[in-house]
Amino acid sequence: MGIGNQEAIKQLQTLIENVDEQQKKSFQNLHQGYPTETLARFLKGRDWNVAKAHKMLIDCLQWRVENEIDNVLAKPIQADLYRAIRDSQLVGMSGYSKEGLPVVAVGVGLSTFDKASDKHYVQSHIQLNEYRDRVILPTATKKHGRYIGTCVKVLDMTGLKLSALSQLRLLTSISTIDDLNYPEMTDTYYIVNAPYVFSACWKVVKPLLQERTRKKVQVLQGCGKEELLKIMDYASLPHFCTKEDSKSSRHHASLKTENCFSFDHVFHQQLYNYIKQQAIIMETSLPIMRQGSFYVHVPEPNPDDAKIAKTIETEFNKMDNQNGFSNSVNGVAINGH
């Protein structure tokens, strides 16, 4: 880290010393014992501009306080509803990279977001973020004896179709929450099983992304198995990256059968049980609080993100008109978080 960057961190550290007690407590939840690294994330998210990073961090802390984000891991979603969310908002954790980074899998193309309300999808997404930041990453840091503060994401584009722009608003909301409140949490995005519709749209969207984000995105051939095996063991591959060829061993074929999106997967079972346990603890100390109640304010997207969302919508509509497709599309937004 350069001298200029170190000075920027010192300046930001001085600026946030003036926040109120609630925000200080929320900042502790945010940094989990690593304030310097957290300040660096916000600075990186604003190209090391101290004033802009300060505003971003203050806005984030205020958002956390106003929406009780620090208590979100004590607000379980009813089990049947949570299962429905997991069946339609496809995300999970399949393992760790060889460097110890969590591997987060996202089923972009096959997510339907049609079995729950928007607020429950947002709640579940924030719970996943907070569990990653407060449990998964600190545990990985302790295990490896060095700071681990990012994950890798493998985005499965299987099933991505034209026109499901009805979901673009929700996806933009989720993306905005990540971009403004969980910046620079992803080391690399790996795109796999990309159909033509993604490739065509990617050519249009790629120039609009900031350079630091573009550098994080790697579009892999096919299911990406061979490339991903360079950075993770077979057992950590998401299930959609394990397509077998004639040379694959039967051992590998029998080893990888778990769907990491499923509510029954060990990751989601651990997450759900953790939230239930936290709810019991919270109920003991604050019996008046309604653990299941959660309504979050979605920040306004910054102009660049709004432009990207509009470009995706325009491009899909253009392709729809050119090709006469009548299927729907799940919009894709990738930010530098």
Open item on the list: For a side chain to side chain contact (heavy atoms under 4.5 Å, CB included) check, start with the C-alpha distance between Thr141 and Tyr34, then their side-chain angles and the critical distance, and finish with the verdict.
Closed with: CA-CA 11 Å; Thr141 295; Tyr34 292 89; 3.2 Å; yes
TODO: Could you check Lys230 against Glu227 for side chain to side chain contact (heavy atoms under 4.5 Å, CB included), going step by step and ending with a plain yes or no?
DONE: CA-CA 6 Å; Lys230 295 176 182 178; Glu227 288 297 313; 3.0 Å; yes
Can you tell if the side chain of [X] reaches within under 4.5 Å of the side chain of [Y], non-hydrogen atoms only?
X: Glu68; Y: Lys75; answer: yes
X: Val72; Y: Asn129; answer: no
X: Glu99; Y: Asp187; answer: no
X: Val122; Y: Leu170; answer: yes
X: Cys151; Y: Val103; answer: no
X: Cys241; Y: Val154; answer: yes
X: Leu128; Y: Phe267; answer: yes
X: Tyr234; Y: Lys225; answer: yes

For the [atom1] atom of [X] and the [atom2] atom of [Y], what is their distance to the nearest 0.5 Å?
X: Tyr147; Y: Leu137; atom1: OH; atom2: CG; result: 7.0 Å
X: Leu43; Y: Thr38; atom1: CG; atom2: OG1; result: 11.0 Å
X: Leu39; Y: Asn5; atom1: CG; atom2: CG; result: 12.5 Å
X: Gln123; Y: Ile77; atom1: CD; atom2: CD1; result: 4.0 Å
X: Thr188; Y: Gln218; atom1: OG1; atom2: CD; result: 6.0 Å
X: Leu73; Y: Tyr274; atom1: CG; atom2: OH; result: 6.0 Å

So, [X] side chain and [Y] main chain: donor-acceptor pair closer than 3.5 Å or not?
X: His268; Y: Val91; answer: yes
X: Glu66; Y: Trp63; answer: no
X: Asp20; Y: Gln22; answer: yes
X: Ser88; Y: Ala84; answer: yes
X: Arg212; Y: Gly45; answer: yes
X: Gln78; Y: Leu81; answer: yes
X: His239; Y: Cys260; answer: yes
X: Ser97; Y: Met232; answer: no
X: Ser124; Y: His120; answer: no

Can you confirm whether [X] is buried at [atom1], in the sense that more than 12 heavy atoms of other residues, nucleotides or ligands lie under 6.0 Å from that atom?
X: Gln221; atom1: CD; value: no
X: Lys98; atom1: NZ; value: yes
X: Gln269; atom1: CD; value: yes
X: Gln13; atom1: CD; value: yes
X: Lys206; atom1: NZ; value: no

Just by distance, with hydrogens left out, do [X] and [Y] show a side-chain donor and acceptor under 3.5 Å apart?
X: Tyr182; Y: Glu130; result: yes
X: Ser262; Y: His265; result: no
X: Ser26; Y: Asp70; result: yes

Charged N to carboxylate O below 4.0 Å: is that the case for [X] and [Y]?
X: Asp47; Y: Lys52; value: no
X: Arg41; Y: Glu37; value: no
X: Arg86; Y: Asp264; value: no
X: Glu211; Y: Arg214; value: no
X: Lys216; Y: Glu184; value: yes

Open item on the list: Would Leu90 and Phe240 count as a side chain to side chain contact (heavy atoms under 4.5 Å, CB included) here? Give the steps.
Closed with: CA-CA 12 Å; Leu90 304 182; Phe240 50 80; over 6 Å; no
Group every Ile, Leu, Val, Met, Phe, Trp and Tyr by side-chain heavy-atom contacts under 4.5 Å, then state whether [X] and [Y] land in the same group.
X: Leu12; Y: Trp48; answer: yes
X: Val217; Y: Leu155; answer: yes
X: Val266; Y: Tyr82; answer: no
X: Leu209; Y: Val219; answer: yes
X: Phe42; Y: Leu180; answer: no

Work out which heavy atom in [X] is nearest to a heavy atom in [Y]; give both atom names and the distance.
X: Val296; Y: Asn67; result: CA-OD1, 3.2 Å
X: Met157; Y: Ala194; result: CB-CA, 3.8 Å
X: Leu228; Y: Leu237; result: CB-CD2, 3.6 Å
X: Ile9; Y: Ala40; result: CD1-CB, 4.0 Å
X: Gly224; Y: Val192; result: CA-CG1, 4.1 Å
X: Ala140; Y: Tyr96; result: CB-CE2, 4.3 Å

Is the [X] ring parallel, tilted or perpendicular to the [Y] ring (thresholds 30°, 60°)?
X: Trp202; Y: Phe198; answer: parallel
X: Phe113; Y: Tyr121; answer: perpendicular
X: Tyr272; Y: Phe263; answer: perpendicular

TODO: Start with the C-alpha distance between Ile16 and Gln23, add both sets of side-chain angles, then the distance that settles side chain to side chain contact (heavy atoms under 4.5 Å, CB included), and finish with yes or no.
DONE: CA-CA 9 Å; Ile16 66 163; Gln23 292 178 338; over 6 Å; no
